[in-house]
Amino acid sequence: MTHAIQGILVISLDFELMWGVLDSMTTKSYGPNILGARDVIPEILEVFGEREIHATWAVVGALFAQSRDDFISMLPAKRPKYADPGLSNYKRYKLMGETPPDEAYFFANSIIHRIAQTPNQEIGSHTFSHYYCGEAGQTVEDFAHDLEQARRIAEQNGIHLRSLVLPRNQFNSEYQEVIMNNGFTCYRGNETSWMYRSGNSTRENPLKRVLRLMDAYINISGHNCYGMSETKAGGCLCNIRSSRFLRPFSPGLSFLEPLKLRRIRSQMLHAARFGQVFHLWWHPHNFGTNTKENLDNLRSILDYYADLRQRHGFRSLNMSEVCDAVRP
C-alpha cells in the first residue's frame, strides 16, 4: 500500500541511572529502580526488535566509565558551579564505593555497547554529567567542557554522537554554537504548550505539575504532534520536540491506565492520519519497578503502532534519521 504522506513515530530514552535522579534520592531509596533498569533494557530491546522500532538512547557520558577511578580520569577540566549545589553530580563520585554493586548504580559501558550493536538503535547524548544548562551559576564555557567530554568519551568507544537530549529539556539558544561544534545535528525540545515550557528549578510551579499530570490522561494541551518541516530552524539544529512522556505504571493510579494509553493512542492516530511526528520518551529506570506492567503497556502501544503502520503507513525513525530526512 502506498501512502503519500507518512506519519513518524519517534522514541527516545534518557539513560542515566543514578546520575539523573534527585539529590535526595539515594541508592538505598531508588536503587531498585536503577538496578531494575539494567535488567529491563534487554527486554525493551527485544520488544523493539520484534516490532522493528528505531529509537534514540540518550546516554549520560559518565555511564561509559567502568569504575570509579576510570570516571575520575574522565572529569572535565572545568565544571559548573550551580547556585544550587545539590544540582551538581560531580560530588557523587566521592560517595561511591569501590565494590561492583555500587558501580552498578553509576556505570554501564557494556549495556551501552549492547544497545549500539542492536539494529536501528542510536546512541545519543544526555551530556556528560547530566548537565542543567538552564540553571543559575553555570556558564556556556562550563557547558562546552561538559559536552566536549561527552563527545570525546563516546568517540573513544567507537560511537559518533549526533542527537542530544538535554536534562529536563533545558535548551538554551545561546549554547547552540557549542552543540553544533561538537557534531550534533538535532535535539529534543519541549511541547509548545505553556505548561511544558522549559525553565529552571526555581521557576517550576505546582500548577504546571498538576496540569501535566492531568494531561497524561485527558487532552488538555492538544495532540502535540507536528509536521516534519517544523523540526528545522533556519538550517541549524533540528528540534525534534517531545509529544508525550510515557509515565510509569503506578499501583495507586492503576485505574487510570486505560486513560493514559488511550491518550497516547489518540496522539499516534492523529500523527498517522495527518503525516506528522509523534515523539514518545521515558527513562529505562521508569520500568525498573512494576516491570511487567510497564512492558505490557509498551507492547500495547507498539502493537497499535504496527496497526497504524499497516493502515496509514506510519513509520518508526530515531532522532538522527528524522534530521536526515529534513536536512538538504
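This is a predicted model, so every value here is computed, not measured. Residues take their numbers from the sequence shown, with the count starting at 1. For the numbers below, each heavy atom of this structure counts, side chains included, while hydrogens, waters and symmetry mates do not.
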Exercise for review: Give the ring-plane orientation class for Phe15 versus Trp57, where under 30° counts as parallel, over 60° as perpendicular and anything between as tilted.
Suggested key: perpendicular

**Study point:** Axial cation check for Tyr132 ring with Arg168, 6.0 Å and 45° limits
**Key:** yes

Revision key, fill the gap. Residues His270 and Cys225: closest non-hydrogen pair is CD2-CB, 4.0 Å

Study note, to complete from the structure: Checking Lys78, Lys81, Arg79 against Asp142 for salt bridge (Lys or Arg N to Asp or Glu O under 4.0 Å), the one that qualifies is Lys78

Exercise for review: Flag the pair Trp281 / Phe245 as yes when their ring centroid distance falls below 6.0 Å, and as no otherwise.
Suggested key: yes

Run the side-chain donor-acceptor check on residues 247-260: report pairs under 3.5 Å with partners two or more places apart or on a different chain.
from	atom 1	to	atom 2	distance (Å)
Ser254	OG	Pro251	O	3.2
Glu257	OE1	Lys260	NZ	3.0
Glu257	OE1	Asn297	ND2	2.7
Glu257	OE2	Lys260	NZ	3.3
Lys260	NZ	Arg247	O	2.7

Review point. Can you check whether Phe171 and Tyr187 have ring centres sitting under 6.0 Å from each other?
Key: yes

Show me, pair by pair, the donor-acceptor contacts under 3.5 angstrom made by side chains of residues 41-52, not counting sequence neighbours?
from	atom 1	to	atom 2	distance (Å)
Arg51	NE	Asp303	OD1	2.9
Arg51	NH2	Asp303	OD1	3.2

Check your understanding: Is a side-chain N or O of Arg212 found less than 3.5 angstrom from the main chain of Met195, in a donor-acceptor match?
Key -> yes

**Study point:** NZ/NE/NH1/NH2 to OD/OE distance under 4.0 Å, Asp14 and Arg188
**Key:** yes

Point to revise | Side-chain donor or acceptor of Thr291 paired with backbone N/O of Phe287 under 3.5 Å | key: yes

Review point. Hey, is Glu191 close enough to Arg244 for a salt bridge, meaning N to O under 4.0 Å?
Key: no

Check your understanding: Under 3.5 Å, is there a donor-acceptor pair between the side chain of Gln138 and the main chain of Cys133?
Key -> yes

Check your understanding: Among side-chain atoms of Asn109 and Asn157, is any donor-acceptor pair under 3.5 angstrom?
Key -> yes

Practice item. Decide, yes or no, whether a salt bridge links Asp296 with Arg299 under the criterion of side-chain N to carboxylate O below 4.0 Å. Key: yes

Determine all donor-acceptor pairs shorter than 3.5 Å in which one atom belongs to a side chain in residues 313-323; sequence neighbours excluded.
from	atom 1	to	atom 2	distance (Å)
Arg315	NE	Gln6	OE1	3.1
Ser316	OG	His54	N	2.8
Ser316	OG	His54	O	3.4
Asn318	OD1	Ser320	N	3.4
Asn318	OD1	Ser320	OG	3.1
Asn318	OD1	Glu321	N	3.0
Ser320	OG	Glu122	OE2	3.2
Glu321	OE1	His54	ND1	2.9
Glu321	OE1	Asn318	N	2.9
Glu321	OE2	His54	ND1	3.2

Practice item. Decide, yes or no, whether a salt bridge links Asp307 with Arg265 under the criterion of side-chain N to carboxylate O below 4.0 Å. Key: no

Check your understanding: Taking the side chain from Asp70 and the backbone from Gln66, do they hold a donor-acceptor pair closer than 3.5 Å?
Key -> yes

Review point. Any side-chain donor-acceptor pair under 3.5 Å between Gln267 and His223?
Key: no

Review point. Between His126 and Tyr131, does the ring centroid distance fall short of 6.0 Å?
Key: no

Check your understanding: Okay, side chain of Asp215, backbone of Ile220: is any donor-acceptor separation there less than 3.5 Å?
Key -> yes

